[in-house]
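As the structure is a computational prediction, the values presented were derived from the model and not from experiment.
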Amino acid sequence: MARSQILLLCFLSLCIGLAFADWNILNQRTKNGLKISLKNYCESWRMNVEIHNIRQFEVVPEECEDYIVKYVTSTQYKVDSERALDESLVYLSTSCSLKKDGRDAWIFDVDDTLLSNVPYYKNYHNGGEKLNLTSLEEWQGQGNAPALEYSLKLFNEIKSRGLQIFLVSSRREYLRSDTTDNLMKVGFHGWKSLILRGPEDEQVSVQDYKAGARKKLISQGYRIWGIVGDQYSSIEGLPSAKRTFKLPNPMYYVS
């Protein structure tokens, strides 16, 4: 009897081992029996990041690293970004009763909203490695981030309509000069203020820090008509704007 039990345990262990050894996303199915391809899996993961079902992730799934870099360098990424920003213009043109008294305002995030960090993340498995803040800030300090084309167009359109533009970034204060130089080099000019994190903000979450920045602007009499950012932490929290617009970014998550 004991020998039979031992043989049964060995058999079950072997089956479990083979099951794990044979695990492959290409062989998987959904709970409803749908065959899953790697593209299906990665596209579903990306989409659920964008609609905020997947949160607090530290790295992009290893299987999806190549897919993510293809997406952020693809026509689809540009189309997705352009559509989000087109909706900003539709809203601005149809739903904003601007008073044009110098207090109409719009907020932009900086990283992956105005300036692209895709060249940096290419060297770190496109989000597949945990963020190294030191190396990221070294990259930001070089001032070589390219502009996001459609964001630049929206920025200039909003500026032409007389709104005050505030840049609220989670970059630290010591990067002010480098950030300003980078923005101006790629075509961003004429913002009202660049708000960066000071020492007093170090222990505050990004969402609370940015909500606090909005609160100060509102207390100064500004009407914030819109916010554009690539992270939910840039657009959530109170007080908020009348409308918010999120750009796609499946590479990292900032809370």
Side-chain angles (χ1 to χ4, degrees), residues 81 84-93 95-117 140 143 145 147-202 204-247 249 254-255:
S81 298
L85 299 178
D86 281 349
E87 290 301 319
S88 302
L89 282 177
V90 169
Y91 158 71
L92 185 61
S93 300
S95 304
C96 295
S97 302
L98 303 180
K99 294 188 177 181
K100 299 183 179 180
D101 58 357
R103 294 296 172 178
D104 296 314
W106 195 282
I107 291 176
F108 285 92
D109 184 21
V110 172
D111 287 295
D112 294 298
T113 298
L114 300 182
L115 301 176
S116 174
N117 287 318
Q140 293 169 339
L148 286 162
E149 176 185 356
Y150 298 108
S151 295
L152 180 55
K153 290 179 180 179
L154 177 64
F155 179 97
N156 286 330
E157 179 65 26
I158 288 175
K159 184 174 65 173
S160 73
R161 299 192 186 204
L163 285 86
Q164 304 295 329
I165 296 177
F166 292 90
L167 310 184
V168 182
S169 172
S170 58
R171 290 190 180 196
R172 294 197 284 180
E173 180 62 39
Y174 84 91
L175 289 166
R176 177 173 295 278
S177 178
D178 297 319
T179 301
T180 300
D181 290 346
N182 194 164
L183 286 163
M184 295 183 69
K185 181 170 67 176
V186 297
F188 293 101
H189 306 277
W191 62 81
K192 177 71 173 179
S193 179
L194 171 62
I195 301 170
L196 302 177
R197 298 186 79 168
E200 68 278 9
D201 303 312
E202 290 291 332
V204 179
S205 71
V206 171
Q207 180 173 310
D208 288 345
Y209 152 69
K210 292 193 172 184
R214 295 193 295 271
K215 183 177 182 180
K216 289 180 182 178
L217 292 175
I218 291 171
S219 71
Q220 294 167 11
Y222 289 102
R223 294 176 294 276
I224 304 174
W225 290 99
I227 304 172
V228 177
D230 67 294
Q231 299 289 321
Y232 280 95
S233 54
S234 294
I235 61 180
E236 290 189 334
L238 298 175
S240 188
K242 297 180 185 297
R243 279 288 303 272
T244 61
F245 301 88
K246 185 185 180 300
L247 291 173
N249 184 355
V254 177
S255 59

Report task. Keeping the roles fixed (side chain from Lys242, backbone from Trp225), state whether a donor-acceptor pair exists under 3.5 Å. Result -> no
Query raised in the report: Should the ring pair Trp106 and Tyr91 be called parallel, tilted or perpendicular, given that the plane angle runs from 0 to 90° and is split at 30 and 60?
Result: tilted
Query - Whether over 12 other heavy atoms sit under 6.0 Å from Lys215 NZ - result: no
Query raised in the report: Taking Asp178 for the side chain and Gly143 for the main chain, is one N or O donor matched with an acceptor at less than 3.5 Å?
Result: no
Query - Lys192 NZ: over 12 foreign heavy atoms closer than 6.0 Å - result: no
Query raised in the report: Say you draw a straight line from CG of Leu85 to OH of Tyr150; how long is it, rounded to the nearest 0.5 Å?
Result: 10.0 Å
Query raised in the report: So Leu114 and Leu183, side-chain contact (heavy atoms from CB on, under 4.5 Å) or not? Walk me through it.
Result: CA-CA 8 Å; Leu114 300 182; Leu183 286 163; 4.1 Å; yes
Query - Under 3.5 Å donor-acceptor, Ser93 side chain and Leu89 backbone - result: yes
Report task. For residues Phe108 and Phe188, establish whether the separation of their ring centroids is below 6.0 Å. Result -> no
Query raised in the report: Of all heavy-atom pairs between His189 and Phe155, which one has the smallest distance, and what is that distance?
Result: O-CE2, 3.1 Å
Requested in this report: Kindly indicate, with the supporting measurements, whether the criterion salt bridge (charged side-chain N to carboxylate O under 4.0 Å, His left out) is fulfilled by Lys153 and Glu149.
Outcome: CA-CA 7 Å; Lys153 290 179 180 179; Glu149 176 185 356; 3.7 Å; yes
Report task. Please answer whether the main-chain N or O of Arg171 pairs with a side-chain N or O of Arg197 as donor and acceptor at a distance below 3.5 Å. Result -> no
Query - Nearest non-hydrogen partners of Ile218 and Ser240, listed with the distance - result: CD1-O, 4.5 Å
**Report entry** Short N-O contact, Asp201 and Arg172, less than 4.0 angstrom
**Finding:** no
Query raised in the report: Does a side chain donor of either Ser205 or Asp208 reach within less than 3.5 Å of an acceptor in the other side chain?
Result: yes
Query - Atom of Asp230, atom of Lys246 and distance for their closest heavy-atom approach - result: O-NZ, 3.0 Å
Requested in this report: Of all the heavy-atom pairs spanning Asp112 and Asn249, show the shortest one and how long it is.
Outcome: CB-ND2, 3.9 Å
